[in-house]
Structure formats: C-alpha cells, structure tokens
Amino acid sequence: ACFQWESRLCCRARFCGTSAERLASVIEDPDCDALIIGAGFSGLYLLHRLREAGFDARLVDSALEPGGIWYWNRYPGARVDSHVPLYELSLPELWRDWTWSERFPGWRELRSYFHHVCDTLALWPHMAMGTKVTNATWDEAGRMWHVRTDGGKTVTTRYLLPCLGFAAKPYLPEIEGIDDFAGPWHHTALWPQEGISMADRRVAIIGTGASGVQVAQEAAREASHLTLLQRTPILALPMRQQTLTTAQQDAEKAHYPDTFALRRQTSGGFDAASRQESTLAVDETERLRTYEMQWQAGGLRFWFANFSDLLQDEQANRLAYDFWRDKVRARISPALHETLAPTEPPHPFGTKRPSLEQTYYEIFAQDNVDLVDLKRAPILRIVPEGIQTAEGVIECDLIVFATGFDAGRGGLMQIEIVGRDDMKLAERWRDGVSAYLGYAVNGFPNMAYLYGPLSPSGFGNGPTLAEIQGDWVRDLLVAMRREGFTRFEAEAGAEREWTENVAAAGAMTLFPQARSWYMGDNIPGKPRQLINYPSVVGFASISDAVAADGYRGFTLG
Ligand code: N01
C-alpha cells in the first residue's frame, strides 16, 4: 500500500522504495487523462484545475519534494526576487491562512509553502515524487502517450503536460581538469540536499548571475576566503528585504484580490506596469525623481516599472544605466569601478536579467573576498589545488558553479519525447525552438507544455503565468471533452507564425543586443533566438483570442 498514488505518506517520505515501485499503481490504471511532469507552480496548479474539472490527472516529478526550482536550488542564500504576495497562487484558500516571514522568502519557506499547497488542495494522492520521466512516445492508433520512467515502467496518458520550468537543465561549462580537483564542487542548481558547509573553507564561485550573487553574499559571511570569478558584471538592484509580521499581512490581505488581478494585466506579471511616458519625454528632474522612487522601492521595480522605452530605446536605456552605475559606484572602492560598474555598459540595462542583492557590493571591501575579472585572466583549467587562470592558481577547497541553465528548451530536450512519425523533439528543435503559442509543437499531438520556450516564462512572474497557462490548458481539455475530441495538434503554419512573432517582438527591443540566456547565448552551439515572448498580458490576450476562435491554429479531432 505504501506505493499507491493514494498514499500521501509515500509521496512525502524520502526513502520509501524505488520510483518503479511507487509508479506501480499507475500501471494498474494506465489510462489516465493527463500526466503532468513537474511539481512546481505550473504543475501543481494545473493538477488542481484539471482534477477540479473532473479529469483523472496525475503528476510525477523526479524530486523528492514539491517546489520545482526550489527543490533543486537550495544553495545558501537562495531566495526569490518577486516580493510577497506576488510569488504565490491567488486561490483564496491558499493565502487566507498563510503568512510569510520575509518580503522575499528563502528556499526553506518556499518549500513549506509548496507543502501547504499540496495539503490544502489535497493533491498528494495524485502525485508520485521521486519518479523521473525518461521517455514519452506518441501512439497514433491509441491516441495516447506511452510514458516511461527511470524505473522502466510505462504509464499511458491521453494528454502529456510537461511543467518543467524554464531552468530544469543546469549548465556546467566544460573546463578541463574538473575531475582532478581535490575538493568538492557543485552546481548551484544541484546543491546537495543535505547541504554543504562553507564555514572555514576557501570557496571559489564561477559566475555572477542571480545565483552567483546570492551564494557569494553567504560565502562572504561564512567562508574563510571567497574568490568570485566574474566574466560579465551583473547589473544588480537593491532587494530591500524586510521581515513581515502576520498582522501586517492580514491588513494587506483585503487588497490581495486586486493585486492578483493586476498582475495578470502587466507585461511581467508583477504588480506594476512600466510608466506610460518615454524617458526622453520628461525633464531631468522628473526622470531622476522617477528613477529614485523605483530604486528606493527596491526589488525589480527599477526594471519592470521604469519608463516605457527602457528596453526599447538605446538613449533611454543609457540614462538608466548611468543612474545604476553611479548608485553602485557610491558603494564600492574606486579601484573596482571599472570591473563592477564600468563607465560603458557591458550590455543595455535589463537585457540580461538583473538580480537582487542585499550586501553584494559591500562584500568586496572585506579582507576575505577577492574578485577575479575573467576577461583579464581567463580560466585555463582546474587543477587539484584549485582553478588555474592566466594569472596563476586560485587555491580553494570548494568550487561553486553558478553558471546557469540551458534555459527554456533544456528540460524538455533531456526527456526523449517522440512524436508522430518517430519525430524526436530534440531533433525538431536542433536548429532552434519553434512552438505554437509557446504551448504545443506540430508533430507532437496531445502534448502541451507550460512555462516553456516561446511563452513569456523567463520574462514573467512564475505564479502569474502558471495560472494563466493552467486555466488555458484546462479550458482546452474541457472544450475537447465537450465536443468529443480526443486529439489536438498545433498546425505547422500557426507554429511558424507564432515563432516568427516572438522573434519580431524581440526585434523591437534591445534584448538581442546582449549575449544572454534570454537569447540562448550562454550555451555553446545553442541557436541564437529570443526564447520567450516578452509580455505576459500580451500573451494572455492572444491565447484567449485563439481559444475564443475555436482554438484557431490547432487541429482538433
Ligand atoms: O545563471 P545566469 P543564474 N566561465 O545564466 C557565468 C533565475 N534565478 O543561475 O554573464 C565563466 O544568469 C555567466 O557569465 P556571462 C533568474 O531568472 C532567479 O545566475 O555569460 N563564467 C554568468 O555570470 C536568472 O536570470 C533567482 O559572461 C561563466 C553566470 O555564469 C536565471 O535563473 C535566483 C561561464 C550564469 O548566470 C539564471 O540565473 C537564481 C564560464 N564558462 C536564479 N559560463 C531568484 O529568484 C557561464 N558563466 C532570486
């Protein structure tokens, strides 16, 4: 009985048998309506919505606990950069009795929240954790997917719904000699679940994206020595963390429904849109007043609630960059100005994801912290004692790879997904991702993925998009059931048009000017393209119009 879907204890226990055993009950009841892969926001919300609509929906995840990205990313300092209450689901039964301790919650609290979601929505009986999907093959005659797991068992499902997040595949650069290193090394997204102490260790961190900044702040406090290896300076914004009381949040809850409605109406899925005015249309006093207001508010506001042309006009962007640069320079020694906040922008502000920082710019004044500019001293190889750069060996006891992800496509392509006519998704996307509405791919019937390539995922607040997409997919399946359909497939022309739309939308922005994961540049050999649609509200209105038009662009049968 331990390995039944219905056993909540099984789903929550860490070591209660192999994943094959856990999945055994599915095999006995193979014809589920929908199989969701992934227990993050998208997967859990969709599971709830589909079950509520009467579908026999199930969920699997290779992680042992729900939380998606917050299961894997549990490195020291990992915390979300959307503030309370933006980073939670809008269902009243979920927020009514839930309170957070901080404005930007950390990974532990986020994991507790995911337990709260599964408890409150009674999702556990339909989830099999610790179960990794390795292969999914479309069966045209049966109009179903055969899904194989790492335990070698097969589940059949009418609909395959991967909800893998945009960062399911960590990127580890190929650096010669990694196996020679005498100490431990870890990617931030594959951090040991039991943790690893940085205390009294000499820690080297490669990468200064959002993950690198967060782990560096902790390492500077804990480690005997920290060396941060930077290739491109991060243009980080002040987080302005706050502790939150229950009374404060209870008082705010009256406004939550408005906040949740508002976040569906903005391009980033946050609680504010960019201003209407162009930067260049206001005088300097007004411009600086606006910048200062967003800066003091903290979080990502300086990015998403700035002037309308921040991400479209080079001159406007440069003014914002200069403001950012001068703010940061006031916090660091002049010797570091050109390395951390250069006179000329390394890329237009905001075209690589800004991260939030708390003490990042102060750590470089500490005696135990060194910054290495990899543009000046590139990494040559890893040796037993540490990292050899062009300027010598950086001795260390622990190497942290904060080197990011094969964003968007990576998680989907590492599952062997075989569509109609033996077509493999990984081959189909070899020269670039293409998909209709960022949901479905021609040749892969009855598969809809959420929070993936060519949707707004990388640009959007996670829970906002999880709800918009979850509702949309639920509505699609309800409409199909009502009409007696058992098969949908994106049309090739519709897919081509949407893929071109995303590129065209990107071409109207400054995003293509940066070498970023948004453009696929961070992975050697990955085709260059904007991997996400740059507006949550725009995406929602287009996909709603498609639904209202009888799911135009899909062949239903
Ligand atoms: O990854 P990244 P991340 N040698 O790709 C460097 C979300 N997130 O994990 O910029 C040396 O941004 C690379 O250098 P460069 C968020 O959306 C959110 O930090 O390419 N360096 C860069 O500095 C974020 O944007 C949260 O020159 C190498 C870094 O590694 C996304 O996830 C927290 C290298 C990678 O930065 C990804 O963030 C964490 C090499 N060979 C993440 N290869 C929150 O919610 C790469 N780099 C707070």
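Keep in mind that this is a model prediction, so the values were computed, not measured. Nothing fancy with the numbering, it's 1 onward along the sequence. In each ligand, atom 1 is the first atom listed, and ligand 1 is the first ligand listed.
For the atom pair L412 CG and I417 CD1, the distance stands at 5.0 Å (nearest 0.5 Å).
Ranking the protein heavy atoms by distance from atom 20 (O) of ligand 1 puts R231 NH2, 2.9 Å first. Atom 39 (C) of ligand 1 has as its closest protein heavy atom S211 OG, 3.3 Å. In terms of protein heavy-atom proximity, atom 31 (C) of ligand 1 is closest to W517 NE1, 3.7 Å. Taking atom 10 (O) of ligand 1 as the reference point, the nearest protein heavy-atom neighbour is K352 NZ, 2.7 Å. At the shortest separation from atom 36 (O) of ligand 1 among protein heavy atoms lies G209 CA, 3.6 Å. Nearest protein heavy-atom contact of atom 29 (C) of ligand 1 is A402 O, 3.3 Å. At the shortest separation from atom 48 (C) of ligand 1 among protein heavy atoms lies R79 O, 2.7 Å. Nearest protein heavy-atom neighbour of atom 6 (C) of ligand 1: G207 CA, 3.7 Å.
Of all the listed residues (A210, A407, S82, A78), A210 holds the heavy atom that lies closest to atom 8 (N) of ligand 1. Here the shortest heavy-atom distance to atom 15 (P) of ligand 1, taken over L229, T403, T232, belongs to T232. For atom 11 (C) of ligand 1, the nearest non-hydrogen atom from the set V213, I379, L374, I523 belongs to L374.
Under 4.0 Å is where a charged nitrogen must lie from a carboxylate oxygen, and between R515 and D521 at least one such pair does. With salt bridges taken as basic N to acidic carboxylate O contacts below 4.0 Å, one links D322 and R325. E338 has a carboxylate O that lies under 4.0 Å from a charged side-chain N of R329, or vice versa, which qualifies the two as a salt bridge.
Between Y113 and W70, the ring center distance fails the sub-6.0 Å criterion.
Using a distance-only test at 3.5 Å, with no hydrogens or angles considered, a donor-acceptor pair links the side chain of D397 to the main chain of R202. At least one donor-acceptor pair under 3.5 Å links the side chain of Q217 to the backbone N or O of T359. Listed for the R409 side chain is no donor-acceptor partner under 3.5 Å among the backbone atoms of P453. In this structure a side-chain-to-backbone donor-acceptor pair under 3.5 Å is missing from N532 to Y518. Side-chain N or O atoms of R263 include one that pairs as donor or acceptor with a backbone N or O of L86 at under 3.5 Å. Distance alone, capped at 3.5 Å, is enough to place a donor-acceptor pair between the Y291 side chain and the A320 backbone. The closest donor-acceptor contact from the side chain of K526 to the backbone of A407 lies under 3.5 Å.
Not a single N or O atom of V80, backbone or side chain, sits closer than 3.5 Å to an N or O atom of ligand 1. Distances between N or O atoms of T188 and those of ligand 1 include no value under 3.5 Å. The N/O atoms of Y171, backbone and side chain alike, include none that comes under 3.5 Å of an N/O atom in ligand 1. Close N/O approach between W70 and ligand 1 is not found [any backbone or side-chain N/O within under 3.5 Å].
Of the heavy atoms in F166, only side-chain atoms (C-beta onward) come closer than 4.0 Å to ligand 1. With a 4.0 Å heavy-atom cut-off, ligand 1 is reached by no atom of Y87. Neither the backbone nor the side chain of N73 comes within 4.0 Å of ligand 1, counting heavy atoms alone. Using a 4.0 Å cut-off between heavy atoms, Q230 makes no contact with ligand 1 at all. With a 4.0 Å cut-off on non-hydrogen atoms, Q214 touches ligand 1 through its side chain and not its backbone. Residue contacts with ligand 1 for S516 are absent, since no atom lies close enough (heavy atoms, distance under 4.0 Å).
Of all atoms in ligand 1, listed by their number and element, those nearer than 4.0 Å to a heavy atom of Y75 are 33 (C), 39 (C). Atom numbering of ligand 1 starts at 1 in the shown order; those under 4.0 Å from a heavy atom of P173 are 41 (N). Below 4.0 Å from some heavy atom of T208 lie the following atoms of ligand 1, by number and element: 22 (C), 23 (O), 29 (C).
Annotation for E467 and Y45: closest pair CA-CE2, 3.4 Å, computed over non-hydrogen atoms.
For CZ of R331, the number of neighbouring non-hydrogen atoms (other residues, nucleotides, ligands) closer than 6.0 Å is greater than 12.
The shell of residues lying under 4.0 angstrom from ligand 1, judged by heavy atoms, excludes R515. In this structure, F459 has no heavy atom closer than 4.0 Å to ligand 1. Residue contacts with ligand 1 leave out F104, since none of its heavy atoms falls under 4.0 Å from the ligand. Not a single heavy atom of A167 lies less than 4.0 angstrom from ligand 1.
Two residues are said to be in side-chain contact when any heavy atoms from C-beta on lie closer than 4.5 Å; F41 and V117 fail this criterion. Using a 4.5 Å cut-off on side-chain heavy atoms (C-beta onward), Y71 and S62 make no contact.
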